[in-house]
Amino acid sequence: MRKGTKIFLTSSVVAQASALVRYVILARLLGPQELGLAAMLILTAQFFDTISDTGSDRFIVQDPDGASPKVLGLVHLVLAGRGMLIALALVLTSGLAATIYKSPELQPSLWALALAPLIAGFSHLDVRSAQREEDFRPESIATIIAELVSSIGTAVAAFVTRDHTAIIYGLVLRAATWVAVSHLAARTPYRWAYSRENATRFSHFAAPLFLNGLLLYFGSQGDRLIVGSGLGPEALGHYSAILLLAYYPASMVSRFVGGLHMPLLASARADPARFDREEQKLAGRTVLISLAMVAGFSLFGPIFTPLLYGKDFSQPLQIFAMLAILQAGRLLRVWPTTAAVSLGKSSIVLLHNLARISALPVALLLNHYVPSLESIICGFIFGEIAAVLVALALLSRDAPISIKRDLMRVGLCGAGCLVVLGWSWALQRHWLALTPGLALATVATAFAIWRHEARVIGDSIRLLKAKTSALYRR
C-alpha cells in the first residue's frame, strides 16, 4: 500500500513554489543585473550536476538488490565522489566561466558555491530507498524542510548582501538541511562500500545517462547560456525571471500528463487499435493544453511580471508570446516521448534530444546577424519543433499511429501559436489595421482545431464533469 502520496505531491508543489519565491525575492531586492549573475551561478552548477548524473537515487529504487547495505554503500560512495568532483570542477573552471559570461565577479562566487554539491554528496539515500516499499514520506519531508529553509535563507541573505551571492547561502543551506534530515530519517547506518559485481551493474545503468544528461542540459538550458554569454547578465535576469513563470506550470503539467498516460499506453502495446486511441488522446490533450498555455501566458504574463518582480522586468508583448511558444514546444514533446517510452523505445528519446541540439547553432547564427532576445528564442523554438518532428517520424515506424494525422496536429498547434504571436506584435506596435485580419485568422484557426480535436475535447469535458461531480458528492 502506498504511503505518503499526498505529501509527495505537496513536496513537488513546495519545491516548485519555493524556487519561484526565491526568484521573486531576488528580483525584488537585487534587480535584473544581480539576478542575472545569480542565474549564471545556477547555470554553471547545473551544467556539472547534469553531466555527472549517475541516477544513483533511481538505481536503488529499481535495482533488485537496491535496499541491500552493499548496494546502498556503493551508491553513497559514488554520490560522495560525485559531490567532490563537482565542487572541484566549479573551483577549477570558475575563471573560464567568468570569462565566458564577461563577469569577473563570478569567480569567487563559484568558489563559495562549490560548498553546496560538496555537502549534498553526503546525503543518506535510505530516504529514497524507502520508495521501494512505496513509502514516499521520508524524501518528501526532507524536500519540504530543505526548500523552506533555503527560501528563508535566500531572503535573509538578499536583504543583507544586496547582491547575487544571496543565492549561494540559499543553495548551501538547502544542501545542508537535506543532508541533515536524510540522516535523521534514515533507518540504516550511513556507510561506503564497494563490490565489483554491484559496481558493474551500476555502471551499466549509469553510462547512458551521461550522454543524455549533456543533451538535456544544452537542450533545456542552452537558451539561457547563450542569453547570458551573448547579451549579458541584465538580459539574462529579465529572461530567466519571465521564463520561470511559464516553466513551472508547464513542468508540473508535463509530469502530470506523462504520468497519467504512460500506464495507459504501456498496457495497450499489444493492441494496435487501442494504442492508437490512447495516443490520440495524449496527442490531442497535449496540443490543447499547449495552446491554452500560449494564449494564457501571452495575455496574463505582461500583467503579472511587473506585479511580481517590479517594473524593471517589464518586456515587450512579443517576448511573452515567444517564451510561451517556447515552453509550449517543450510541453508538446511530452506526447511523442511518453508514447516512445511506453513502447520501450528509449532510443527515440535519445535521438529526439539530439535533434533539440540543432537549436544551438541556429540561435547562435541568428544572434550573430541580429543580436537580440527574439533571435535566440526563435532558434530554440526551431529546436523544439525539430525534436517533436523527429520523435514523431521515428515513432511512426514502431507504433500503429498515423503520421499524417499527427503532423496535422503539429501544424494546427503552430498556426495557433502564430496567431497569438501576431496579436502580440500588432498590439505592441499599435498596428490596429491588422486586427480584422487577425480576428479572422483566430476564428478560422479555432474552428480548424475544434474540428480536428472534437473527440478529444468532448472526452476531456466529460472527464472534467465526472471529476467535478465526484468532488461535489464528497
**Q.** Flag, side chain of E139 to backbone of V127, donor-acceptor distance under 3.5 Å
**A.** no
Q) How far does CG of L360 sit from CZ of F382, to the nearest 0.5 angstrom? A) 12.0 Å
Q: I would like to know whether L26 and H164 meet side chain to side chain contact (heavy atoms under 4.5 Å, CB included); could you show each step before the answer?
A: CA-CA 8 Å; L26 292 173; H164 65 279; over 6 Å; no
Q) Are the side chains of L243 and Q327 in touch, meaning some heavy atoms are under 4.5 Å apart? A) yes
(Q) Taking the side chain as everything from C-beta on, heavy atoms only, tell me whether L20 gets closer than 4.5 Å to L245. (A) yes
(Q) So does V179 get a backbone contact from the side chain of S182, meaning a donor-acceptor N/O pair under 3.5 Å? (A) yes
Q | Distance-minimising heavy-atom pair for L106 and L37 | A | CD2-O, 3.7 Å
Q. Is the side chain of S203 donor-acceptor paired with the backbone N or O of T200 at a distance under 3.5 Å, no angle test?
A. yes
(Q) Give me each pair satisfying side chain to side chain donor-acceptor pair (under 3.5 Å) with a member in residues 84-93, each pair once, sequence neighbours excluded. (A) none
Q: Any chance you could measure S109, atom OG, to D163, atom CG, to the nearest 0.5 Å?
A: 7.0 Å
Q. Is the number of heavy atoms from other residues, nucleotides or ligands within 6.0 Å of NZ (K70) greater than 12?
A. no
Q.
I want to check something: taking the side chain as every heavy atom from C-beta on, are L110 and L41 in contact at a cut-off of under 4.5 Å?
A. yes
Q. Is there side-chain contact between D49 and P117, with at least one heavy-atom pair below 4.5 Å?
A. no
Q. Between D406 and L395, does a side chain to side chain contact (heavy atoms under 4.5 Å, CB included) hold up when you go through it step by step?
A. CA-CA 11 Å; D406 287 341; L395 186 63; 5.9 Å; no
(Q) Main chain of D312, side chain of H238: is a donor-acceptor contact present, judged purely on distance under 3.5 Å? (A) yes
Q.
For E279 and W335, which I'm curious about, is there any donor-acceptor pair between the side chains at under 3.5 Å?
A. yes
Q: Keeping the roles fixed (side chain from S150, backbone from L173), state whether a donor-acceptor pair exists under 3.5 Å.
A: no
**Q.** H183 side chain vs Y190 backbone, donor-acceptor pair below 3.5 Å
**A.** no
Q | Set of residues satisfying ring-ring contact (aromatic ring centres under 6.0 Å, His included) with respect to Y101, sequence neighbours excluded | A | none
(Q) Show the nearest heavy-atom pair for residues L118 and A87, with the distance to one decimal. (A) CB-CB, 4.0 Å
Q. Does any non-hydrogen side-chain atom of L308 lie less than 4.5 Å from one of Y23?
A. no
(Q) Can you tell me how the ring of H124 sits relative to the ring of H76, calling it parallel under 30°, perpendicular over 60° and tilted otherwise? (A) perpendicular
Q) Using the ring of each side chain (for Trp, its six-membered ring), is Y309 parallel, tilted or perpendicular to F313, with breaks at 30° and 60°? A) tilted
Q.
Please report the interatomic distance CZ(R224) to OG(S229), rounded to the nearest 0.5 Å.
A. 13.0 Å
Q: Return yes if a side-chain donor-acceptor contact under 3.5 Å exists between T337 and H352, otherwise no.
A: no
(Q) Please find the pair of heavy atoms, one from L29 and one from A158, that lie closest to each other, and give the distance. (A) CD1-CB, 3.7 Å
Q: Could you label the plane-to-plane angle of the F47 and Y217 rings as parallel, tilted or perpendicular, counting under 30° as parallel and over 60° as perpendicular?
A: perpendicular
Q) Does some side-chain heavy atom of L43 sit less than 4.5 Å from a side-chain heavy atom of L236? A) yes
Q.
How close do A359 and G383 get, counting heavy atoms only, and between which atoms?
A. CB-CA, 3.7 Å
Q) Is any side-chain heavy atom of R333 closer than 4.5 Å to a side-chain heavy atom of R356? A) yes
Q) Hey, mind stepping through M84 and L88 against side chain to side chain contact (heavy atoms under 4.5 Å, CB included) and telling me if it holds? A) CA-CA 6 Å; M84 295 175 194; L88 182 62; over 6 Å; no
(Q) If I take atom CZ from residue F320 and atom CD1 from residue I325, how far apart are they, to the nearest 0.5 angstrom? (A) 13.5 Å
(Q) Test side chain to side chain contact (heavy atoms under 4.5 Å, CB included) on Y169 and T161; report intermediate values, then the result. (A) CA-CA 10 Å; Y169 293 93; T161 64; 4.2 Å; yes
Q. Residues in ring-ring contact (aromatic ring centres under 6.0 Å, His included) with F275, at least two apart?
A. none
(Q) When you measure from the side chain of R174 to the backbone of V149, do you find a donor-acceptor pair of N or O atoms at a distance under 3.5 Å? (A) no
**Q.** Interatomic spacing from CG in L85 to CZ in F48 - rounded to 0.5 Å
**A.** 11.0 Å
Q: Measure across I86 and S52 and return the closest heavy-atom pair with its distance rounded to 0.1 Å.
A: CD1-OG, 3.4 Å
Q. Does a side-chain heavy-atom distance below 4.5 Å link Q315 with L323?
A. no
Q: List the atom of S103, the atom of M40, and the distance in Å for their closest heavy-atom pair.
A: OG-SD, 4.0 Å
Q) Is the side chain of S94 donor-acceptor paired with the backbone N or O of V91 at a distance under 3.5 Å, no angle test? A) yes
Q) Can you tell me if CZ on F300 sees more than 12 non-hydrogen neighbours from other groups inside 6.0 Å? A) no
Q.
To the nearest 0.5 Å, what is the distance between CG on D126 and OG1 on T188?
A. 4.0 Å
